[in-house]
Amino acid sequence: MKNSNSQNLRLGIFIIAGILIFVAAVYFIGNRQHLFGNNARISSVFKSVNGLQVGNNVRYAGVNVGTVRDITIVNDTSILVDFIIEEKTMPLIKRNSVATISSDGLVGSMIINLTPGEEFSSETIRGGDTLQSISKVATADMLTTLNTTNENAALLTADLLKITAAINEGKGTLGVLIRDEQMAQDISSSMAELKKTTQGAAITVNKLNRLISQFDMENSVAGVLFKDTLPALKVKEVIVSLEKSAGEIEQMTSNLNKFSEEIINNEGVLDYVLHDSTLVEQINATLENAEAASKKLDENMQALQHNILFRGYFKRQARIKAREEAKRD
Amino acid sequence: MPGSFSIAANASSFFTEIGALSHFAGRFFKELFSRPFEFREFLRQCYQMGNKSLVLVAITGFILGLVFTLQSRPTLMEFGAVSWMPSMISISIVREIGPVIIALICAGRIGSSIGAELGSMKVTEQIDAMEVSGTNPFKFLVVTRIFAATLMLPILILIGDFVALVGSALVENVKGDVSFLLYFNQVFEALEFSDLLPATVKSFFFGFAIGLVGCFKGYNSNKGTAGVGKAANSAVVFTSLLLFVIDFIAVFVSDVIYG
Amino acid sequence: MDDLSNNRATSGRTEVISIKGLYKSFGENVVLDDFNMNIYEDENLVLMGKSGSGKSVLIKCVIGLMQPDKGKIEVLGKDITKLGQQEMDELRAEIGFLFQGSALYDSMTVRENLEFPLRRHRNKMNGNRTKDLVMEALENVGLAHTLDLMPAELSGGMQRRVALARALILKPKIIFYDEPTTGLDPITAKEIILLMLDVQKKYNTSSLIITHDVDCARVIANRIILLYEKTNYAEGTFTELSTSPDPKVKAFFK
């Protein structure tokens, strides 16, 4: 039956075409998800995966090299992410590469980005390796530390402003100050306060210093985050300025301390003031110094605020403050 | 109250129909797995349904892809998201529009022809003649047709999807500057197994529904030439309805499975 | 076949079909009530009745397309109500059936139509035997040239002849003709009747012919049964019945 044979032939072609389309679709979709071919399994431990899903892409320097295969919660702070990487790209990826999770575009899905380590390394990854990771949580931790630091700095600034204002006023009513012993005691206590504040400032500066040194640490988490050295330098600069102004404040405080001690030790303050004109000059100079120092600190804080890295943080602080004020009203 | 009476009568005839259809489907499965299998008739039906519907499905698919892309383009352009075109079109065609539109076309093409063919065979006693000739007409006519439709529909739908994507790529190629390679690269970038597999499974059910209802209406058609026309018509109407019900269930189930 | 013809020669008038007390109803509508009938070997029995009187129902009960509600039907000595599918198919191979509207399969060629009854009996046939049988059957009805045509390409008379060839292809012992001449012009109808007689002589078959065509009955019938009021109302030769004093019987021969 010739007719039937040609029908069978055409039917065969039709069915094969359909199956080919299906197989091709399965192959191309599967290929993208790295289901076929030679792959190596790599893993990395994150503190948080920010909605990463099985099947998300893994990129090395922006090129898709694999997909996420498995996400398991190991314990409350570590999540193990297994992903598969094409074998042919493996010789290019070094063992000290760092895995980060980021978003692919504004509304895109999450991806794992592999970036080369800071140091040159000749060792390439092998199947079963665990790569270092940076979680978003690490950055958040860092910001929390900075938060405390900044709170302290803010407190310090406010105190200094208050003191400077008080001293400024005191300058106008020097006569009262000189006659009144009570006032002298007030000065003394404010000096003590100032001292405390300064100590606070010193601690803050120390903390910042530590932070900075952390930034510098090789292979440290923050070190990589700030692998672009420019912002790091800027932060450092800010910290140095803060340190300097703190020093100045300290010096001023000790001067004031000395002065107030002298006031207390002397029976007649007025006498002393009248007899010793250098003291008045000293007080004047000290007050001017304090003013300058607090201004500088202000500037530094401002600079810190403008630093791109901390901008977000300060904005959030301002928002929280505004909200609190609104609540109070 | 004549109104309520007619509603009750309609409902009862509807449920009777569903019951009879289920019974018919049960008989299909029983006879499908018992020998002999009418393989030559099955191949003939595959050819009739598959190859003979191919041109129709290809034209429909091509126009579908073309029109769908042309219509969506301005909106996406407003959002500056024309680059999303391939992924959006491919997902909606592969998941939903391709299978449903092509199944509807096939319900018209295959379902009505089965209904009319079996209906006229019933009326002219050809079905009786087969039985008298020692051939089980249910096996020879119904089992082969339902089985052929079940297997051919997924292939038709896959080909239709592909042609629709080619049509869409053509628009993007002419109106935008997206090469075919880039277009299909983005298509496969966007598609997941969870798009392709439920759609393919769904299309088997579509094929089964088309074959089943067509055969049911034709095999049980009343005497007379009017019965033949009615069989063909109600096969198409009932199949189309059933396709949407199946589609809803399929989407519901695949949504549960794939989250 | 050979031993059967010997049988026939020796045993005389053997019953091939015997129906006793047949009752069939569709719901409230009783079609056949206590119907009795015998068909003997080599006999052409014509069953006459009005439209809707249950002639087709009777014939479908005999061939097993419908189940009778009550009564006994024996075909070639077998009670058809007690047969399994397999035995039924074997029995049906002994019976040819010419349907009312020819009932040729529209989607198949003439050749495939004729091969269709043979496909169940492949164990007995090989390719050449099938081909020979098809050609023989077609030559018997004088339509050998239509082998690869579709039924739609044939005239009504040719379709009827092809249907007859299909009914005869297994060389059955009994042939049922359901209205063999309806829908045909008188000349073609006469051709078909002559063909039926031809076949009758050639293969020595028994026939049950349902018709209301009086001319047909006159030419072909050895015996006539009138189906009237759900039962076997009258029985006899054509001359006996056509000259009957019963007005109800007479009405059939007007």
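Each chain gets a letter, A, B and so on, in the order the sequences are listed, and its residues count up from 1.
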Novice: Per the side-chain contact (heavy atoms from CB on, under 4.5 Å) rule, which among B/L242, B/V142, B/I146, B/T239 passes with B/L212?
Specialist: B/I146
Novice: Side chain, backbone, both or neither: which part of A/I15 has a non-hydrogen atom closer than 4.5 Å to chain B?
Specialist: both
Novice: Considering only heavy atoms, which portion of B/Y47 lies under 4.5 Å from any heavy atom of chain A: side chain, backbone, both, or neither?
Specialist: both
Novice: Given side chains that start at C-beta, do those of B/M152 and A/F14 come closer than 4.5 Å, heavy atoms only?
Specialist: yes
Novice: Kindly indicate, with the supporting measurements, whether the criterion side-chain hydrogen bond (donor to acceptor under 3.5 Å, both in side chains) is fulfilled by B/E192 and B/S194.
Specialist: CA-CA 5 Å; B/E192 303 271 348; B/S194 57; 5.0 Å; no
Novice: Start with the C-alpha gap between B/L70 and B/K175, add the side-chain angles, then the distance that decides, and say whether side-chain contact (heavy atoms from CB on, under 4.5 Å) holds.
Specialist: CA-CA 9 Å; B/L70 281 172; B/K175 286 213 148 194; 3.9 Å; yes
Novice: Does B/F180 CZ have over 12 foreign heavy atoms under 6.0 Å away?
Specialist: yes
Novice: Please flag which part of B/L196 lies under 4.5 Å from any non-hydrogen atom of chain A: side chain, backbone, both or neither.
Specialist: side chain
Novice: Between B/L197 and chain A, with a heavy-atom cut-off of 4.5 Å, which part of the residue counts as in contact: side chain, backbone, both or neither?
Specialist: side chain
Novice: Tell me, do B/T75 and B/S72 make a side-chain contact under 4.5 Å, heavy atoms counted?
Specialist: no
Novice: With the threshold set at 4.0 Å, does a side-chain nitrogen-carboxylate oxygen contact exist between B/R145 and B/E117?
Specialist: yes
Novice: Give me the one residue out of B/F208, B/F205, B/F206 that meets side-chain contact (heavy atoms from CB on, under 4.5 Å) with B/T150.
Specialist: B/F208
Novice: Does anything in residues 95-115 of chain B get under 4.5 Å of chain A by heavy atoms, and if so which residues?
Specialist: none
Novice: Heavy-atom distance under 4.5 Å to chain A: side chain of B/L43, backbone, both or neither?
Specialist: both
